[in-house]
Participant: 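Mind having a look at this structure? Questions to follow.
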Amino acid sequence: MSTSLSERLSQELGSLRESGLLIHPRVLERANRARTRVDGREVINLASNNYLGFADHPALKARAEQYLREWGVGAGAVRTIAGTLKIHEDFERQIADFKHTGSALVLHSGFTTNQGVLGGLLREGDLVVSDELNHASIIDGLRLTKATKKVFKHADPEDLRRLLSEHDTDGLKLVVTDGVFSMDGDVAPLDRLVAVAREFGAVTYVDDAHGSGVMGAQGRGTVHHFGFEYADDVIQVGTLSKAWGGVGGYAAGHQNLRELLINRARPYLFSTAQPPAVVGALSAALDEVQRDPSLMERLWANTRYFKAELEGLGFDHMNSETPITPVVFGEASAAFEASRRLFDLGIFAVGLGFPTVPRNLARIRNIVTAEHTREDLDQALSAYAQVGRALGVIR
Ligand SMILES: *Cc1c(COP(=O)(O)O)cnc(C)c1O
């Protein structure tokens, strides 16, 4: 006899519940800002990816309203049929100029960008070598290709060299890495990875979801930070959903990259274009980060302050180099308990355990933003001190 839907659902939910992996998202009752309201409580928000405070920024909202009025609610079709509005094309030129690349294409999210680009570019006979800690959307994107796949040790150029020397091909070779890794907040050693890739004629593909709007001059990203922005053998992809405050993804690089993706990237071909208000908000975001240098300055000043104070309290933040600031609690149960206690003290920060992170490195992941005030951070630090002492993580 076949399995009924209700059996399947209760079995699956039961096993998630037993292994402690069942998720119940907390609900924000106001806009995503540094101070907001979550599940009935006023909180300081250390859980978002809203690095520059763009999710509810007046300049972005104004341009979103303008584009909404002038261009309507929806694009009306997929881009290749009748959905390419002039504002889509203008925004793509704006991204290519910002990133200093020959071309750029915008897709619906960072997630679908990895599916579209990896699925559209790679063929049987190609070789992909991917960092072991790469994002789930890269892993899913690679499932769409018939290329040979190998995995190198996290941020390890020597292991990359070993794999590239063991597996030669006449096809395209692609080295794939996140620019900034979302769980530890470390930066890929792009200088060394690109050098090794070049020894073997390989192209480097950088998913800069957590690096764009954070790294490099005016937030131009990790590739820019390492000086590879004009390189034709580096492809940058990323999201417009984190620092840039809206939703979407982009691929930027070689001048012919965009044209190929227009013809091959399946999310581009088969999913309706971004709505005008989103395009307006995003184009204002790129203008705003270049107009107002205090955004990047505050993001990094807050990052340095928060890390130094946590260190002073005796916490382990895993030598994170970016605004992503993990605080290690050891076992998953301890991290989840700490997150609950912090929430009771008005601090919203999410606990992460195995299998998202290694078993003994369960943590709370904090993301500091430009929008946090010194007072916000001090209040969070004093809550951390209290919870860390109560749980015996610091003295
Ligand atoms: C968040 C993230 C994505 C997904 O981006 P969305 O726009 O939210 O779909 C892709 N890659 C990496 C590395 C990410 O951190």
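Both counts, for ligands and for their atoms, begin at 1 and track the order of listing.
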Participant: Can you check side chain to side chain donor-acceptor pair (under 3.5 Å) on K242 and S48, steps first, answer last?
Facilitator: CA-CA 8 Å; K242 288 176 177 144; S48 82; over 6 Å; no
Participant: Measuring from atom 10 (C) of ligand 1, which candidate in S241, G238, S137 has the nearest non-hydrogen atom?
Facilitator: S137
Participant: Would you check whether G249 reaches within less than 4.0 Å of ligand 1, judged by its heavy atoms?
Facilitator: no
Participant: Tell me whether the count of non-hydrogen atoms from other residues, nucleotides or ligands lying under 6.0 Å of CZ in R30 goes above 12.
Facilitator: yes
Participant: Can you name the atoms of ligand 1, numbered from 1 with element, that are less than 4.0 Å from a heavy atom of D207?
Facilitator: 10 (C), 11 (N), 12 (C), 13 (C)
Participant: So if I count the atoms of ligand 1 from 1 in the order they appear, which ones are less than 4.0 Å from some heavy atom of G248?
Facilitator: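 Taking each heavy atom of G248 in turn, ligand 1 has 7 (O) under 4.0 Å.
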Participant: How close does the nearest protein non-hydrogen atom get to atom 9 (O) of ligand 1, and which residue and atom is it?
Facilitator: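 For this ligand atom, the closest protein heavy atom is F111 N, 2.9 Å.
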Participant: Nearest protein heavy-atom contact for atom 2 (C) of ligand 1: which residue, which atom, what distance?
Facilitator: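 Nearest neighbour among protein heavy atoms for atom 2 (C) of ligand 1, to 0.1 Å: K242 NZ, 2.4 Å.
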Participant: Any idea which atoms of ligand 1 are less than 4.0 Å away from a heavy-atom of H210?
Facilitator: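 Result: 15 (O).
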Participant: Output all residues satisfying salt bridge (Lys or Arg N to Asp or Glu O under 4.0 Å) with E288, sequence neighbours left out; order by chain, then residue number.
Facilitator: R291
Participant: Heavy-atom count around N319 CG within 6.0 Å, excluding the residue itself: above 12?
Facilitator: no
Participant: What protein heavy atom lies closest to atom 3 (C) of ligand 1? Include the residue and the distance to one decimal.
Facilitator: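 Its nearest protein heavy-atom neighbour is H135 CE1, 3.4 Å.
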Participant: Side chains of R63 and S283: any donor to acceptor distance under 3.5 Å?
Facilitator: yes
Participant: Taking heavy atoms and a distance under 4.0 Å, where does A209 meet ligand 1: side chain, backbone, both or neither?
Facilitator: side chain
Participant: Taking the six-membered ring of Y384 (Phe, Tyr or Trp), confirm whether the NZ or CZ of R341 is under 6.0 Å from its centre and within 45° of its axis.
Facilitator: no
Participant: Which of the atoms in ligand 1, numbered in the order shown and given with their element, are less than 4.0 Å from a heavy-atom of T239?
Facilitator: 5 (O), 6 (P), 7 (O)
Participant: For Y268, is the NZ or CZ atom of R79 found under 6.0 angstrom from the centre of its six-membered ring and inside 45 degrees of the ring axis?
Facilitator: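 R79 over Y268 ring: no.
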Participant: Return the closest protein heavy atom for atom 6 (P) of ligand 1 as residue, atom name and distance.
Facilitator: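 Result: G110 N, 3.3 Å.
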Participant: Is it possible for you to check whether R374 lies under 6.0 Å from the centre of the six-membered ring of Y305, through NZ or CZ, and within 45° of that ring's axis?
Facilitator: yes
Participant: Restricting to side-chain hydrogen bond (donor to acceptor under 3.5 Å, both in side chains), what partner residues turn up for R340, sequence neighbours left out?
Facilitator: E337
Participant: In this structure, does ligand 1 have an atom that sits under 4.0 Å from one of the heavy atoms of G179?
Facilitator: no
Participant: Check each atom of ligand 1 against the heavy atoms of D178 and keep those under 4.0 Å away; list them by number with element.
Facilitator: 13 (C)
